[in-house]
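Naming convention: chains lettered A, B, ... in sequence-line order (proteins, then strands); numbering from 1 in each chain. Note that this is a predicted model, so its numbers are computed, not measured.
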2 protein chains.
Amino acid sequence: MKALSIKDIAVKANVSITTVSFIINGKAKEKSISEAVIEKVEKIIQESGYKPNQIARSLRTGNSNIIGLIVEDISNSFFAKIARLIEDKAYKRGYKIIYSSTENSVEKAQELINMFKTRKVDAYIISPIKGIEEDIRMLLSDDKPVILFDRNLADVDVNYVGANHFNASYQSIESFVAQGKKNIALVTTDIDVEQITERFDGYKKALLDNGLAYNDELVLKIHFNQDEETTINQIKNLFNTQKIDAVLFATNYLAISGLKVLKQIKKKIGSEFSVIAYDDHEAFELHTPGISTVQQPLEDIAETVIKLLLNQLSSKTKIPNQQVIIPATLIIRD
Amino acid sequence: MKALSIKDIAVKANVSITTVSFIINGKAKEKSISEAVIEKVEKIIQESGYKPNQIARSLRTGNSNIIGLIVEDISNSFFAKIARLIEDKAYKRGYKIIYSSTENSVEKAQELINMFKTRKVDAYIISPIKGIEEDIRMLLSDDKPVILFDRNLADVDVNYVGANHFNASYQSIESFVAQGKKNIALVTTDIDVEQITERFDGYKKALLDNGLAYNDELVLKIHFNQDEETTINQIKNLFNTQKIDAVLFATNYLAISGLKVLKQIKKKIGSEFSVIAYDDHEAFELHTPGISTVQQPLEDIAETVIKLLLNQLSSKTKIPNQQVIIPATLIIRD
DNA sequence: TTGATGTAGTAAAACGTTTTACCATAACCA
DNA sequence: TGGTTATGGTAAAACGTTTTACTACATCAA
């Protein structure tokens with residue numbers, strides 16, 4: 001049972017393909033097709049269940065109503081949640097999402113961008129990594145809307161939506177200081193993206209502003225993509241060798257590893273030892289005691305991303321790129 | 001800067017489009033194109049960075065190298081993890097994934113299937129809901145490979161990959177019984193899919209086989225899609241009004257809500273009160289005490305799904321549908 | 001010498017749309 | 001009357017591939 005084509009409809013209705021096409025695309029009025037024909041054709045379409053072949057449509061029009069979404073890892077709850085929100089909002093506006101995970105690999109990211117390009121996606125939403133600046137510039141020079149989110153790339157002029165990582169990190173440290181903490185550690189990753197360096201900068205600045213010395217030994221940079229066991233050992237080592245009374249984890253998965261360590265070495269979180277995690281996670285609310293977190297406004301981010309995208313898609317002229325920084329909030333739990 | 005087309009390459013190389021096409025598709029040898037021409041063309045392709053337009057290719061060949069993945073909710077960690085694994089494996093074989101969430105809505109599911117159909121996806125991976133049997137039959141009659149996973153549909157003859165929900169549930173209850181529990185509750189949902197009813201059946205059978213009465217009051221069926229606050233209140237009500245010494249949660253998000261309740265009403269998990277959750281979650285390992293869970297073998301499920309799919313895709317003839325049931329394992333934590 | 005076979009390659013149709021340019025006929029105006 | 005405008009519609013090109021059927025020439029076997 002082959003799928004119906006516009007031709008089948010045209011034959012059945014005894015009109016030309018052109019006429020059917022006009023009707024499908026709501027141009028019947030403006031092309032002066034009579035009421036009678038419109039009705040007849042629409043009835044036939046209804047009854048036969050005909051659906052236009054989007055591939056053919058894409059080939060002809062050059063766009064696909066598909067938005068490509070590239071994230072680091074869709075199984076990370078932060079990305080999964082954002083993806084879901086974006087998908088939802090896009091869907092309501094008639095766009096579909098194709099997504100893929102880069103696993104922090106430059107080559108994979110480049111392949112993905114190429115793949116999307118050959119599929120003629122209409123726009124790109126990317127949580128980028130360093131090393132794909134050139135590829136992104138190419139997209140921009142093709143006049144395709146591109147929105148970066150979560151992470152920015154310093155030397156590309158492009159739309160960006162993200163949280164205020166510096167501030168969030170700064171505030172987290174200040175809240176530690178307010179509790180009288182003196183030896184505050186940071187567990188972060190060595191991914192070279194602004195988002196991560198901002199978190200580091202916020203940490204450092206807050207220490208210095210509050211008269212605490214910055215101590216390299218208290219900062220652990222975990223290699224991205226390494227297996228969790230190694231991570232756990234490194235964190236364990238940090239906790240065992242350094243005198244620490246508070247720790248900020250720069251991502252939620254690092255915090256989860258960290259909490260596993262605490263469980264293993266039976267160190268309790270409490271007045272002696274405080275923890276804040278960046279990016280919330282179900283586990284943090286459930287944990288006893290609750291883990292304080294920096295919550296990124298997922299809903300706001302998704303909404304802003306989509307809004308920026310649709311603006312670009314619907315405007316003929318080039319809209320200047322925007323950088324939208326959304327405040328994150330520190331949720332104190334115990 | 002318009003994208004290059006096969007024609008541009010042909011002109012540059014001074015050969016016909018046909019020749020370029022043969023070379024691109026590795027048919028040069030069999031079509032007896034000379035070594036010299038092959039090299040020349042390949043060099044030009046390399047240098048120019050030409051990539052074939054997949055849309056045009058799809059239109060001509062009728063397939064897209066895209067697999068449609070339909071799940072209930074991509075932001076649920078079970079689906080997010082499976083999606084990532086499937087994506088990975090598919091990618092290695094040259095397939096891309098388009099995914100979408102149904103939110104347990106029949107209409108949305110049907111729309112999605114239609115959307116995928118008009119995009120000519122090559123195959124479908126679906127975690128289905130009741131009510132789309134007919135749509136799935138249509139896909140099958142179009143000779144498109146379809147794999148259901150996680151949930152089966154009773155009256156459709158189709159490939160299925162899932163865990164042994166009955167056994168897992170049965171074993172969970174037996175483990176409660178072995179600890180001397182007498183009043184064992186079940187918190188489940190009212191989604192009408194085999195996977196959920198099997199979990200219920202396992203619960204009931206295990207009780208009866210072990211000489212415990214089945215008590216309707218100890219089974220709470222949460223309406224799917226309702227907001228978490230209502231769920232929490234219903235669970236709270238169950239815990240407050242019934243004498244319970246153990247509870248099995250039929251999904252991980254129900255368990256998370258349940259744990260929130262326990263935290264609120266300050267009920268401790270321990271020898272007096274045991275919990276098992278269906279589908280693991282980071283929060284369960286981290287929880288103090290650790291929450292025992294039924295762990296579905298995500299890796300196995302993803303691998304089996306892809307294997308089944310590729311078998312079908314690569315075989316000319318119709319392969320009989322298979323039902324693959326993979327054992328789940330009970331992880332005891334404390 | 002003829003017919004078959006192999007080698008190297010190409011022209012053109014087809015996939016299913018959208019869109020441009022066009023054709024009739026009718027109606028209107030002065 | 002003739003010219004313009006409105007109405008209702010269509011033919012055919014174009015999007016970028018793949019693939020079928022073909023050509024032209026060379027070589028070989030008998």
Under-4.0 Å salt bridge between B/R151 and B/E194: no

Which angle, rounded to 10°, do you find between the first-five-pair axis and the last-five-pair axis of the helix from C/dT1-D/dA30 to C/dA30-D/dT1? 60°

Which whole-number value in Å describes the distance from A/Y50 OH to C/dG16 C1'? 7 Å

B/L148 and B/V161, any side-chain heavy atoms less than 4.5 Å apart: no

One should read off an interatomic distance between B/Q312 CD and B/K144 NZ, to the nearest 0.5 angstrom, of 12.0 Å

Summary of protein contacts for nucleotides 3-12 of chain D, nucleotide by nucleotide, where a base hit scores B, a sugar-phosphate-only hit scores S (4.0 Å, heavy atoms): -----BBBBB

Basic-acidic side-chain contact under 4.0 Å: B/R84, B/D88: yes

Taking NZ from B/K27 and P from D/dT20, how many angstroms apart are they, rounded to a whole number? 8 Å

Measure from CZ on B/R119 to P on C/dC15 and round the result to the nearest Å. 21 Å

Checking A/N14 now: which residues fulfil side-chain hydrogen bond (donor to acceptor under 3.5 Å, both in side chains) with it, not counting sequence neighbours? none

Round to the nearest Å and state the distance from A/I6 atom CD1 to C/dC15 atom P. 14 Å

Roughly how far apart are B/I98 CD1 and B/I67 CD1, rounded to 0.5 Å? 10.5 Å

Whether A/S21 contacts C/dT18 is assessed here as follows: a side-chain N or O lying under 4.0 Å from the phosphate OP1 or OP2. Is that the case? yes

So, for B/L112 and B/S101, which heavy atoms are closest and what is the spacing to 0.1 Å? CD1-O, 3.7 Å

Pull out every protein N or O sitting under 3.5 Å from an N or O of nucleotides 26-29 of chain D, one pair per line with the distance.
none

Strand contacts (DNA chain D) in residues 52-67 of chain A, 4.0 angstrom heavy-atom criterion: A/L59, A/R60

Going by ring pair (Phe, Tyr, Trp, His ring centres under 6.0 Å), name the pairs with one or both residues in residues 64-109 of chain A, residues two or more places apart or in two chains. A/Y99-B/Y99

Please report the shortest heavy-atom distance between A/P320 and A/N159, naming the atom on each side. O-OD1, 4.4 Å

Mind calculating the distance between NZ (B/K120) and C1' (C/dT17) to the nearest angstrom? 12 Å

Distance alone, cut at 3.5 Å: any donor-acceptor contact between the side chains of A/K12 and A/S48? no

Counting only side-chain N and O atoms of A/K7, is one of them less than 4.0 Å from OP1 or OP2 of C/dG16? no

Any side-chain heavy atom of B/E111 sitting closer than 4.5 Å to one from B/M115? no

Whole angstrom value for the distance that separates C1' of D/dT19 from CD1 of B/I24: 14 Å

Atom-to-atom span, CD1 of B/I23 to P of C/dA8 - whole angstrom: 13 Å

Can you establish whether the number of heavy atoms outside A/E30 located under 6.0 Å from its atom CD is more than 12? yes

Salt bridge A/E35-A/K29, side-chain N to carboxylate O under 4.0 Å: yes

With distance as the sole criterion, is a donor-acceptor pair present between the side chains of A/S16 and A/T19 under 3.5 Å? yes

Atom CD of B/E30 and atom C1' of C/dG6: how far apart are they, to the nearest Å? 15 Å

